[in-house]
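What follows is a set of notes on a single structure, which appears directly below.
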Amino acid sequence: MADERKSLEQRAQMTDIERLRHSAAHVLATAILKIWPDAQFAAGPPVENGFYYDVELGHRISPEDFEKIEAEMKKETKANHVFERVVLPRDDALSMAQRGLLGALGERSSPSKFKLDIIQNIPEGEEISIYRNGEFTDLCAGPHVMRTGNIGAFKLTHVASAYYKGDEKNPQLQRIYGTAFKNKTQLDEYFAMLEEAKKRDHRKLGKELELFTFDDQVGPGLPLWLPRGTAIIEELEKLAKETEFAAGYVRVRTPNLARESLYKTSGHLPYYADSMFPPMVVRKNEQFRVFWENWEKKQNQLHEETVPNLFPDLKDPDVRAKISGMSPDETNRWLEARIVNMGQEATNAFNKMAVDNFIPTLMMAQVAPVEDRFYLKAMNCPHHHKLYAAIPRSYRDLPLRLAEYGTCHRYEQSGELFGLMRVRSLQMNDAHIYCTEDQFESEFLAVNEMYLKYFKLFGIEKYVMRFSTHDPAKLGQKFVDNSQLWLKTEDMVRGVLQRSGINYVEVPNEAAFYGPKIDVQVWSAIGREFTIATNQVDFAQPKSFGLVYKDSDNTEKTPLCIHRAPLGTHERFIGFLIEHYAGNFPLWLAPEQVRILPIGDEPALLDYARAIQNELRSYQVRAELDASSDHMKTKIANAEQMKVHTMLVIGNRDMEANAVSLRVHGKGNLGAKPRDDVIADILAAIKERRA
RNA sequence: GCCGAAGUAGCUCAGCUGGUAGAGCAGCUGAUUCGUAAUCAGCAGGUCACGGGUUCGAGUCCCGUCUUCGGCUCCA
């Protein structure tokens with residue numbers, strides 16, 4: 001934490017609205033203290049859409065308390081107190097904190113403990129200041145507005161919990177959120193904007209437009225795609241297949257499960273196990289099980305009789321307890337260490353025992369393990385690596401680009417689940433590119449170009465590329481332990497990014513376990529930030545899988561692997577698209593592309609309507625017919641509500657002229673047009689994926 | 001996972017300090033035959049998330065579970 005604290009200079013760069021909101025946080029603290037004088041305050045900064053203050057308090061603040069708190073805040077802003085800044089020596093600040101005077105209205109029996117801690121973390125030599133407004137005094141570097149009255153309009157929004165300094169080992173505090181503006185008009189506009197954003201929320205639209213659903217019995221984070229949502233999925237897959245085919249990819253298919261050992265090889269189990277569903281254990285047949293259990297019994301018996309004689313300290317219950325807590329590997333290491341120190345006679349006895357008992361047992365275990373564990377795959381890469389390995393590869397085969405819309409399952413923490421944006425079953429726009437080091441740059445750039453092409457197609461303008469690198473302190477825990485390769489690969493990626501002039505930000509400690517990655521962040525309508533696409537360089541897995549190609553000099557070399565998913569996952573990408581388009585999809589993506597609305601239900605008219613529907617469907621257009629007895633206005637209202645892209649209204653006038661009356665969602669009535677022209681234009685718009 | 005809030009018909013929601021579960025839309029049946037955002041009437045629809053408890057009596061109060069939502073990065 002300490003190394004991430006903002007310098008005084010950075011703080012001074014607060015914008016006007018941040019300054020106002022930071023001041024509102026002080027007013028909030030003032031109000032809370034008026035009601036609960038023993039409140040202990042930690043930090044109260046401005047944030048993106050408002051401010052918060054973290055407080056420790058016996059009383060649980062609930063939204064019902066907001067009115068009371070806001071009333072006290074109102075008094076404080078009405079009083080229009082000056083924000084007064086006082087610079088003081090460190091010792092004075094410490095003594096004030098000791099007397100409970102900081103984040104307080106006056107002297108208190110218990111010290112201002114969080115403030116005390118904060119002062120102690122201020123580097124020597126940095127200026128320490130306090131701010132006063134009315135009776136309230138707080139340790140604060142500022143800056144603030146001139147007077148409390150300058151905070152024109154504010155509102156408390158919600159309360160949540162947060163650990164002090166974000167560390168779960170620290171006490172849990174109540175975080176009171178609010179927002180503030182210069183005046184009431186701006187505050188009202190902000191809340192109106194939030195209301196608008198709520199209408200775009202993919203969870204709400206997904207239900208209204210019948211795109212997907214969740215079911216308790218199926219399980220949390222496991223979306224079910226309704227036919228209308230599935231139509232979008234299929235359009236995206238079509239897009240990906242066409243794009244990838246043109247870029248020289250080949251498609252593959254792999255199962256959703258694999259044996260445990262695959263994930264040991266890939267590194268998922270050591271580095272990624274928390275994000276995987278627990279294994280499925282498949283037992284061998286009964287006959288073998290009985291046989292195996294007898295072996296185990298015999299082995300236990302041997303253990304009881306022989307091993308303590310060889311290792312007398314095993315008679316000590318403490319030593320035995322320690323060993324029984326060890327993993328098989330640790331036990332072996334312990335044994336090896338003991339054997340080295342044994343006398344010749346004991347060594348011989350031990351070796352004989354090993355030959356007679358352990359080795360046959362061990363062999364049996366290898367030939368037919370007693371249980372077989374399968375894991376649901378969390379990533380497609382291990383399976384793809386096996387496809388690479390299935391056929392001998394030459395340098396002439398590279399780059400090899402294996403693509404699959406693979407289904408993966410990840411055991412996300414329950415609190416992380418969020419609509420379609422964070423789920424436990426996901427289909428990834430995945431591909432793995434195996435290439436030589438020389439080919440890396442052009443392959444990497446081609447992937448980036450593919451991203452940009454997609455973003456242009458979808459009109460995604462606000463995005464940020466994040467280049468995530470490793471943290472040397474976490475090698476071997478979070479990241480594959482090979483410092484040199486990390487640095488080399490990161491340099492390589494950084495070089496390509498710089499040479500190609502791509503705008504990016506670099507963030508440490510967020511790489512994949514097998515290599516650095518580039519993520520594309522976008523923002524949902526609700527303002528949440530999401531990684532929509534990803535591009536990762538893998539220097540670890542090809543090696544651990546023993547992947548090779550025969551180079552032109554007749555030597556075997558290990559290829560590099562680029563993992564890429566420009567369209568991310570169906571779940572997150574469609575969740576994003578729903579909000580991006582507010583449910584008003586372009587024709588090519590629209591779940592229902594065309595609805596035909598006959599005026600009345602005379603047989604001749606219905607025949608004409610059906611003929612148009614059949615023609616459109618023969619071209620794979622998702623066209624429906626509303627043959628209900630509803631009135632025209634009702635049919636239109638129904639179609640508009642479902643955001644059907646194109647409505648073809650047909651009455652007798654149209655039928656007689658071989659025409660249709662065109663109505664487009666969001667554009668209204670466009671009048672009667674020749675039937676063939678309208679159909680031709682629909683087909684062209686779909687083919688071009690017109691916006 | 002942790003802290004907090006919520007869960008009533010397919011959907012949106014009402015249901016007061018405990019006293020016989022309601023509306024609109026959707027659905028079904030019938031009538032209406034109509035030119036660009038909702039024609040009329042009738043019918044049906046519920047183990048009030050699930051499980052336990054308190055009570056003469058629980059949608060309402062208490063406990064547990066499940067699910068969803070808001071947070072858990074910033075930081076005087």
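Labels below follow one simple rule: chain letters A, B, ... track the order of the sequence lines, proteins then strands, and each chain is numbered from 1.
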(request) Using whole Å, report how far CG of A:Leu156 lies from C1' of B:G70. (result) 15 Å
(request) Using the C1' atom on both, measure B:C16 against B:U32 and round to a whole Å. (result) 43 Å
(request) Determine the contact category for A:Asp216: base if any of its heavy atoms lies under 4.0 Å from a base atom, sugar-phosphate if only primed atoms, P, OP1 or OP2 are that close, otherwise nothing. (result) sugar-phosphate
(request) Please evaluate the base of B:U32 for a donor-acceptor partner in the side chain of A:His631 within a cut-off of under 3.5 Å? (result) yes
(request) Test for a donor-acceptor pair under 3.5 Å between the base of B:U33 and the side chain of A:Ser629, counting only N and O atoms. (result) no
(message) So A:Phe214, base contact, sugar-phosphate only, or nothing? Heavy-atom distance under 4.0 Å.
(response) nothing
(request) Whole angstrom is fine here: how far is it from CD in A:Gln217 over to P in B:U68? (result) 14 Å
(message) Can you measure A:Asp626 atom CG to B:A37 atom P for me and round it to whole angstrom units?
(response) 15 Å
(message) Determine whether a donor-acceptor pair (one donor, one acceptor, N or O, separation below 3.5 Å) exists between the side chain of A:Gln641 and the base of B:A38.
(response) yes
(request) Answer yes or no: side-chain N or O of A:Asp654 and base N or O of B:G35 forming a donor-acceptor pair under 3.5 Å. (result) yes
(request) State whether A:Thr634 places a side-chain N or O below 4.0 Å from either non-bridging phosphate oxygen (OP1 or OP2) of B:U39. (result) yes
(message) When the P atoms of B:C69 and B:C61 are compared, how many Å lie between them, rounded to an integer?
(response) 24 Å
(request) Measure the CD1-OH distance between A:Ile32 and A:Tyr53 for me, rounded to the nearest 0.5 Å. (result) 9.5 Å
(request) For the residue pair A:Glu640 and A:His665, confirm or rule out a side-chain donor-acceptor distance under 3.5 Å. (result) yes
(request) Tell me whether the OP1 or OP2 atom of B:A38 has a side-chain N or O from A:Lys633 closer than 4.0 Å. (result) yes
(request) Grab the CZ-C1' distance between A:Arg203 and B:A6 for me, whole Å please. (result) 13 Å
(message) At less than 4.0 Å, is any side-chain N or O atom of A:Tyr177 found next to OP1 or OP2 of B:C74? Yes or no.
(response) no
(request) Under 4.0 Å between any heavy atoms, over every strand shown, what does A:Gly419 touch: base, sugar-phosphate, or nothing? Just pick one. (result) sugar-phosphate
(message) Please determine whether a side-chain nitrogen or oxygen atom of A:Lys207 lies at a distance below 4.0 Å from atom OP1 or OP2 of B:U12.
(response) yes
(request) Could you check whether A:Leu417 gets within reach of a base, just the sugar-phosphate, or nothing at all, counting any heavy atom under 4.0 Å? (result) sugar-phosphate
(message) Work out how far the C1' atom of B:A5 is from that of B:U47, and round it to whole angstrom.
(response) 25 Å
(message) Checking A:His202 against A:Glu579: is there a side-chain donor and acceptor pair closer than 3.5 Å?
(response) yes
